[in-house]
Amino acid sequence: MVNYNLMRKINKKELLRLINRGDLALLGQFVSKALQKYEEAAELDPSSAEVYFSLAEFFRFVGKWQEADKFYRYAIKLSPNIFYKFRLALLLRDMGKFMESSLLLKEVVKEQPNEPYHHFALGEVLWEMGYMDGVLYHLKKAVELDPLDDFYHAWLGVAYASLGELENAEKELKRAHQLKPQSLAYIYILAEIYSLRGEEELAQSYYKIVNRISEYDMFLLQKFRRKILLK
């Protein structure tokens, strides 16, 4: 007599082994080998949402976003996993499909309202769409849920600055700097805010603090400045 439960357990174990081997190959940037393992997993169990999610992540990694989109959607069709929806929403954001991304992120936030990064991601997409009331609401929510994360305070400050609410911007960016004093991006953007307020002496005192800035801080600073100065 065939033990189907045992066979399913064996298949599941082999499936996870293949996916894990694909993940390890991808981490090592052995792209062809990674794809081979994911495809073997798909052949072993064509009904596994996890396999198609792994394929979506693979195609996203190699820059084939249309393929990634297709596999995310198929994974969600097989299993409406909230994380799958979140990853698809971020892909759609990167593809410039902001409306569809925002609708998915609203589903994600509704299902997991206490996850601050979900609120941040939705705020980020709404910013691209010009809905600043929604941006402020979700960035404030992220700060409320994780008040010790400098990142959320900083972006809330930048949002205020982009709206001309410079006192609120100063408050949030000072808090971000208190939480992460080593971030020169926060000092520099505070200098920009003081400059916008016409307080040049104070601005210059902050600019002088910034000497050598890390690549990450420069990248972050450029994102901040685009939002504030190049509206």
Side-chain angles (χ1 to χ4, degrees), residues 11-12 14-135 137-139 141-142 151-152 155 159 216 219-220 222-223 226-227:
N11 282 346
K12 181 65 174 176
E14 176 63 11
L15 187 74
L16 292 175
R17 186 182 71 83
L18 288 168
I19 291 172
N20 288 337
R21 290 184 68 182
D23 292 345
L24 288 171
L26 194 58
L27 279 173
Q29 299 196 22
F30 300 111
V31 175
S32 297
K33 184 177 180 181
L35 180 58
Q36 177 191 344
K37 295 304 171 187
Y38 295 138
E39 287 178 339
E40 287 177 17
E43 287 178 12
L44 180 65
D45 187 355
S47 65
S48 169
E50 189 173 358
V51 171
Y52 294 104
F53 177 75
S54 295
L55 279 165
E57 294 281 281
F58 168 82
F59 283 112
R60 183 185 197 142
F61 179 83
V62 299
K64 294 185 178 181
W65 287 0
Q66 295 295 339
E67 289 294 301
D69 185 330
K70 178 179 73 175
F71 282 112
Y72 279 131
R73 291 178 193 277
Y74 195 64
I76 291 166
K77 182 179 178 181
L78 292 170
S79 173
N81 183 304
I82 201 68
F83 184 64
Y84 297 172
K85 290 182 181 181
F86 182 66
R87 291 295 292 168
L88 174 57
L90 296 187
L91 177 69
L92 292 168
R93 175 202 64 189
D94 294 343
M95 294 170 75
K97 297 181 178 181
F98 301 123
M99 178 58 76
E100 191 176 1
S101 176
S102 71
L103 292 174
L104 267 178
L105 285 168
K106 285 174 183 176
E107 285 185 40
V108 170
V109 165
K110 186 176 181 180
E111 188 162 331
Q112 294 184 338
N114 295 322
E115 173 51 59
Y117 190 72
H118 292 169
H119 285 280
F120 171 79
L122 179 52
E124 190 177 34
V125 171
L126 292 174
W127 203 332
E128 293 292 341
M129 298 168 70
Y131 298 138
M132 293 307 295
D133 287 346
V135 173
Y137 173 82
H138 288 288
L139 291 182
K141 196 67 181 176
F151 185 78
Y152 301 137
W155 275 108
Y216 174 75
F219 171 75
L220 191 56
Q222 287 170 348
K223 291 184 73 173
R226 280 197 295 270
K227 291 292 189 184

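When a residue number appears, it is its place in the shown sequence, counting from 1.
Side-chain atoms of E124 and W155, non-hydrogen and from C-beta on, never get closer than 4.5 Å to each other. Within the 4.5 Å cutoff, side-chain heavy atoms of Q66 are placed close to those of M95. L126 places none of its side-chain heavy atoms less than 4.5 Å from the side chain of D133. Looking at heavy atoms from C-beta onward, E40 lies out of side-chain contact with L44 at the 4.5 angstrom threshold. The side-chain heavy atoms of L90 and R60, taken from C-beta on, include a pair separated by under 4.5 Å. Using a 4.5 Å heavy-atom threshold, the side chains of K70 and F59 count as separate.
Surrounding CZ of F151 are more than 12 heavy atoms belonging to other residues, nucleotides or ligands, all under 6.0 Å away. A 6.0 Å sphere centred on CE of M99 holds no more than 12 heavy atoms belonging to other residues, nucleotides or ligands.
To the nearest 0.5 Å, atoms OH (Y72) and CG (N81) are separated by 12.0 Å. S79 OG to Y74 OH: the interatomic distance, rounded to the nearest 0.5 Å, is 12.5 Å. Considering CG of L105 and CD of E100, their distance stands at 11.0 Å, rounded to 0.5 Å. With rounding to the nearest 0.5 angstrom, the OH atom of Y137 is 6.5 Å from the NE2 atom of H119. Taking NZ from K37 and CZ from F58, the interatomic distance works out to 13.5 Å, rounded to the nearest 0.5 Å. For the atom pair CD of Q112 and CZ of F83, the computed distance is 10.0 Å after rounding to the nearest 0.5 Å.
For the residue pair H118 and V109, the shortest heavy atom distance occurs at O-CG2, 3.8 Å. The two residues A56 and A68 come nearest to each other via the heavy atoms O-CB, 3.4 Å. The nearest pair of heavy atoms linking V135 to G123 is CG2-O, 3.3 Å. When all heavy atoms of L55 and L35 are compared, the closest pair comes out as CD2-CD1, 3.9 Å. For A41 against L15, the heavy-atom pair with the smallest separation is O-CD1, 3.3 Å.
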**Q.** ring-ring contact (aromatic ring centres under 6.0 Å, His included) between Y117 and F120, intermediate numbers included
**A.** CA-CA 5 Å; Y117 190 72; F120 171 79; 5.6 Å; yes
For this session: Go through the steps to decide whether L91 and R87 satisfy the test side chain to side chain contact (heavy atoms under 4.5 Å, CB included), and finish with yes or no.
Result: CA-CA 6 Å; L91 177 69; R87 291 295 292 168; over 6 Å; no
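K110 has no carboxylate O lying under 4.0 Å from a charged side-chain N of E107, or vice versa, which leaves the two without a salt bridge. Checked for salt-bridge contact, E128 and K97 miss the test: no charged N lies under 4.0 Å from a carboxylate O.
Among residues two or more places apart in sequence or in another chain, the side chain to side chain donor-acceptor pair (under 3.5 Å) test is passed with Y84 by none.
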Side chains of residues 46-53: which donor-acceptor pairs under 3.5 Å do they make with residues two or more places apart or in other chains?
residue, atom, partner, partner atom, Å
S47, OG, D45, OD1, 2.6
S48, OG, E50, N, 3.4
S48, OG, V51, N, 3.4
Y52, OH, P46, O, 3.1

Show which side-chain atoms of residues 18-29 pair as donor or acceptor with protein atoms under 3.5 Å away, not counting sequence neighbours.
residue, atom, partner, partner atom, Å
N20, ND2, L16, O, 3.2
D23, OD1, Y38, OH, 2.5

